[in-house]
Amino acid sequence: MRVFKFGGASVKDADGVRNLLKVLETTGHDNIFLVVSAMGKTTNAMEKVVDAYFRDKDSVAAELAGVNDYHQKIIRDLFPAMNHNIYKQVKALFDEVQGFLMWNKSPKYNFVYDQVVGYGELISSTIVSAFLNESGITNTWIDVRDYIKTDSNFRDVNVQWEKTQQRVSERIEKGKLYITQGFLGSDDNNFTTTLGREGSDYTAAILAFCLNATSVTIWKDVPGVLNADPRYFEKAGLLNRISYREAIELAFYGASVIHPKTLQPLQRKEIPLYVKSFLKPRDPGTMVGKGEGIEPEVPCFIVKKNQVLMRLSSLDFSFIVEDSIGELFKLLHDHKMKVDLIQNSAISFSVCVDNKFGRLPELLEQLQGKFKITCHEDVSLYTIRHFDAEAIESLQNGKEVLLEQRGKETIQLVVK
């Protein structure tokens, strides 16, 4: 069985759904497990619904209506007959969201987030399934929450692999076309959980692992894995082949094409991962699999924007040793700061972090009593894998470098 994953960009409108059909007609659709993300920017829109629920309940209806209108436009384009059952199916899903928000008593943001935001995937997969059936491609729609079981650490769950494996093995028949949702799971109380942003790639990998799939293909709006993000770098080129190790390294440093968690279950069973263009499904794309390095061997550029660089030194010029470093990491963890780079000397410690939860002021307040601090906000962290002199020069040109860290294969620069 092959596992296909289509992201939000691939089904952002009616033409995208029609193109998904063309891809399946090109590749064949027997013995396929199809994972579908929320359409377009629906996840962002559903996050606004959750924010409205906690900040201004009077605006919830308007936010949800906007999401509904977006999907209704797609449905009307795909299903001109207004008596088609898809209209009832989608209405029922929106009714479920509204019902939850009416009876919910939990004040916990992460719990409410998981119960609400995942409806984007439920709606998109329902529409895609109905359209394929209407077009003569028979498929079975399933609720992935009945298959992928997790703990209850909402928004950042851990998969319960044995339970998931058992459910997938017992319920999935080979030879069919299945359609399900990315991003979602459920805990032991059957509450919806989510696997983290970009978690649909991880969903595909989980299912592939449990199915002993022959391959996973992620269909995107790019020709494959590029050696740089074309939004930030000129002359980005296609990587034809990447080893699991290299792909994990690129994901660790922030490459956005492959979700970091996706590769681990695939590597364990040596299941190849293909990243291909849904606009040109016959093109080879990029293959990630067993082997060494990358092909072609070129520098790979990665950038993380909106980072914070903190330089800490002891107030009395004493050494920064294990105890103080341990205390620093505990504070970073407690304030949900993702550490992307560290560098230390005898009396100083530099750390580049992602302040995505906005808790920097609290952290600085706690640190100021013990350390002298220099803080640079809104900096960029550049990483070059397989660097050479020309690659470094092209990156440094005209930029103020605040910190540099160099290894055998990787160089990282923090710049203003």
Side-chain angles (χ1 to χ4, degrees), residues 8 11-14 16-17 35-134 139-148 152 154-155 178-187 189-195 199-200 203:
V11 289
K12 66 181 180 180
D13 52 27
V17 178
V35 177
V36 182
S37 297
M39 291 176 156
K41 300 295 184 182
T42 297
T43 299
N44 293 341
M46 293 300 283
E47 287 177 339
K48 290 181 180 179
V49 173
V50 177
D51 288 342
Y53 176 78
F54 282 96
R55 297 178 184 176
D56 179 17
K57 283 189 169 58
D58 291 339
S59 65
V60 169
E63 294 288 355
L64 198 56
V67 182
N68 189 21
D69 291 345
Y70 168 71
H71 288 88
Q72 290 299 322
K73 181 181 178 182
I74 295 173
I75 294 171
R76 287 194 298 270
D77 195 335
L78 294 172
F79 306 92
M82 297 300 291
N83 62 347
H84 195 285
N85 192 51
I86 188 64
Y87 290 93
K88 292 181 180 179
Q89 290 176 288
V90 172
K91 180 181 183 301
L93 290 169
F94 276 102
D95 287 346
E96 284 182 22
V97 180
Q98 291 175 317
F100 168 79
L101 293 174
M102 288 178 62
W103 62 255
N104 172 63
K105 302 298 182 183
S106 174
K108 296 180 180 179
Y109 183 94
N110 289 348
F111 170 77
V112 174
Y113 179 101
D114 278 9
Q115 308 319 302
V116 172
V117 172
Y119 273 93
E121 278 73 15
L122 292 166
I123 294 164
S124 66
S125 60
T126 298
I127 294 171
V128 170
S129 175
F131 180 72
L132 293 181
N133 278 323
E134 187 81 356
N139 65 88
T140 301
W141 182 94
I142 65 170
D143 189 333
V144 77
R145 297 173 297 180
D146 294 333
Y147 294 79
I148 295 181
S152 300
F154 296 102
R155 294 188 72 186
Y178 287 92
I179 296 181
T180 195
Q181 310 77 41
F183 188 45
L184 306 181
S186 68
D187 66 7
N189 294 313
N190 290 324
F191 285 116
T192 303
T193 57
T194 62
L195 302 173
S200 293
T203 302

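Computed from a predicted structure; not experimentally measured. All values below come from the heavy atoms of this structure, side chains included, with hydrogens, waters and symmetry mates left out.
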Checking side-chain contact (heavy atoms from CB on, under 4.5 Å) for the pair Ile179/Leu132: CA distance, chi angles, key distance, verdict? CA-CA 10 Å; Ile179 296 181; Leu132 293 181; 3.4 Å; yes
Kindly determine whether Val49 and Leu101 satisfy side-chain contact (heavy atoms from CB on, under 4.5 Å), including the steps that lead there. CA-CA 10 Å; Val49 173; Leu101 293 174; 4.0 Å; yes
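By the 4.5 Å heavy-atom criterion applied to side chains, Val117 and Thr194 are not counted as neighbours. Annotation: side chain of Asp77 is not in contact with side chain of Lys73 (no heavy-atom distance under 4.5 Å). Thr42 has its side chain out of reach of Tyr119: every pair of non-hydrogen atoms, C-beta onward, lies at least 4.5 Å apart. The closest side-chain heavy-atom distance from Gln181 to Asp143 is below 4.5 Å.
No hydrogens or angles considered: nothing links the side chains of Asp51 and Tyr113 as a donor-acceptor pair under 3.5 Å. No side-chain donor-acceptor contact under 3.5 Å links Asp114 and Thr193.
Distance check: Ile123 CD1 to Gln89 CD gives 11.5 Å after rounding to the nearest 0.5 Å. Rounded to the nearest 0.5 Å, atoms CE (Met102) and CG (Asp95) are 10.5 Å apart.
Taking the six-membered ring for Trp and thresholds of 30 and 60 degrees, Phe100 and Trp103 have ring planes more than 60 degrees apart, a perpendicular arrangement.
Looking at Thr192, Asp187, Asn190 one by one, the single match for side-chain hydrogen bond (donor to acceptor under 3.5 Å, both in side chains) with Arg145 turns out to be Thr192.
In this structure, the ring of Phe111 has its center less than 6.0 angstrom from the ring center of Phe191.
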